[in-house]
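Order of listing sets the numbers, starting from 1, for every ligand and every atom in it. Here the structure is a predicted model, which is why all the values come from computation and not from measurement.
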Amino acid sequence: MARQMLVVGNWKMNGLSDDIPEIVAISEASKQFADVETGLCLPATLIDRAARAAPGFAIGGQDVDKAEKGAHTGCVSTAMLKDAGSSMVIVGHSERREAQRESDEDVRAKAAAALSAGLLTILCIGESLAVREGGGAIPTVLRQLEASFPREVSIVNLAVAYEPIWAIGTGRTATAEDIGAMHSAIRAKLGELSGEDAEPVRILYGGSVKPDNAGEIFAVGDVDGALVGGASLKAADFVPIIEAATLKA
Ligand code: PGA
């Protein structure tokens, strides 16, 4: 099945009002590549302003709470994200799994809440360097996928991002061969978990995707796009990555 390429930026804890023009520049430039779906997941504080400044461009959050509302100090709900102008959200990023001690169960509940709210939901999975070097990357990631995978909710708006932890922000990327092997294992696992319903689910690669390696990564079978951190902060870096995705779109 042909899946539309999806290239999403993850700004992490970066971005102030001064950066709105950069978001507008990315949004404007992305219009040239209409066959690639694109967007930026921003700090919660910027979502509303960015959505107003770049109408029609997809803006998202980087995390969401599983609860609808109530006594959850500091948390943001799916309704709040949507109200601020978000159409998507990342769940289970390794930085949150590690620093905020998010379990697979937490991530699964967040993914279910986000999908039920109609948000494009990017579920992150990935192995540590020790696991990769020990030779257990594929079974570990598949176990994580199964344990974080939302149940009893439509997955039509789900995307999975394979992000090897050791490749995030390090300048190291997995080899095309390793990415291909992992993505095809994830594709098979998605089929096992959800049968035909999993067909539209896109599998993104993340971890030091840059303008100079994006083309090679996108050429790998079963790669349906990218989740981009550092290189999504500037239009000069991010736009060429979106452009590289058009070759496969
Ligand atoms: P990076 O981050 O592109 O800076 O490695 C990717 C991510 O964490 O989503």
Side-chain angles (χ1 to χ4, degrees), residues 5-15 19 22-23 26 30 36-44 46-47 50 58-64 81 86 88-102 107 110-111 114 119-129 131-132 137 141 144-145 148 158-176 178-179 182-183 186 201-218 220 223-245:
M5 291 290 277
L6 173 64
V7 178
V8 174
N10 172 13
W11 272 30
K12 308 191 179 184
M13 202 169 73
N14 298 291
D19 298 298
E22 200 67 36
I23 295 166
I26 290 170
S30 71
V36 177
E37 189 176 344
T38 185
L40 290 174
C41 289
L42 299 174
L46 273 189
I47 291 171
I59 299 293
Q62 300 169 8
D63 178 49
V64 71
L81 283 183
S86 293
M88 61 182 174
V89 68
I90 297 169
V91 295
H93 192 283
S94 59
E95 286 156 14
R96 294 199 59 84
R97 287 179 184 266
E98 197 178 311
Q100 269 71 37
R101 306 255 186 283
E102 286 187 9
V107 174
K110 288 175 178 213
L119 292 164
L120 169 60
T121 304
I122 303 172
L123 167 62
C124 300
I125 49 177
E127 83 285 358
S128 65
L129 186 59
V131 167
R132 167 61 62 179
V141 168
Q144 198 184 25
L145 174 60
S148 322
L158 180 69
V160 171
Y162 166 57
E163 299 204 304
I165 297 168
W166 48 271
I168 296 176
T170 58
R172 292 180 64 180
T173 44
T175 63
D178 286 342
I179 297 173
M182 183 64 82
H183 279 230
I186 292 172
V201 175
R202 286 167 287 187
I203 308 173
L204 316 182
Y205 173 79
S208 298
V209 177
K210 308 282 179 215
D212 60 359
N213 62 18
E216 191 192 346
I217 292 167
F218 292 146
V220 175
V223 172
D224 306 308
L227 184 59
V228 184
S232 69
L233 293 170
K234 295 280 171 228
D237 295 323
F238 193 44
V239 174
I241 296 175
I242 300 169
E243 186 175 7

Where ligand 1 meets [X] - atom numbers and elements under 4.0 angstrom, heavy-atom basis:
X	value
N10	9 (O)
L227	9 (O)
E163	6 (C), 7 (C), 8 (O), 9 (O)
S208	1 (P), 3 (O), 5 (O)

(request) For atom 4 (O) of ligand 1, grab the closest protein heavy atom and report residue, atom and distance to one decimal in Å. (result) G230 N, 2.9 Å

N/O to N/O below 3.5 Å, does that happen between [X] and ligand 1?
X	answer
E95	no
K12	yes
K210	no
G229	yes

(request) Just jot down the side-chain contact (heavy atoms from CB on, under 4.5 Å) partners of S232, sequence neighbours excluded, or say none. (result) W11, L40, V228, F238

(request) Give me the ring orientation class for Y205 and H183: parallel if the planes are under 30° apart, tilted from 30 to 60°, perpendicular past 60°. (result) tilted

(message) Tell me whether ligand 1 is touched by A167 - counting only heavy atoms on the residue side and a distance under 4.0 Å.
(response) yes

(request) Using a 4.0 Å heavy-atom threshold (strictly under), name the region of I168 that reaches ligand 1: side chain, backbone, both or neither. (result) both

(message) So if I apply the side-chain hydrogen bond (donor to acceptor under 3.5 Å, both in side chains) rule between H93 and each of E163, E102, Q62, which one comes out positive?
(response) E163

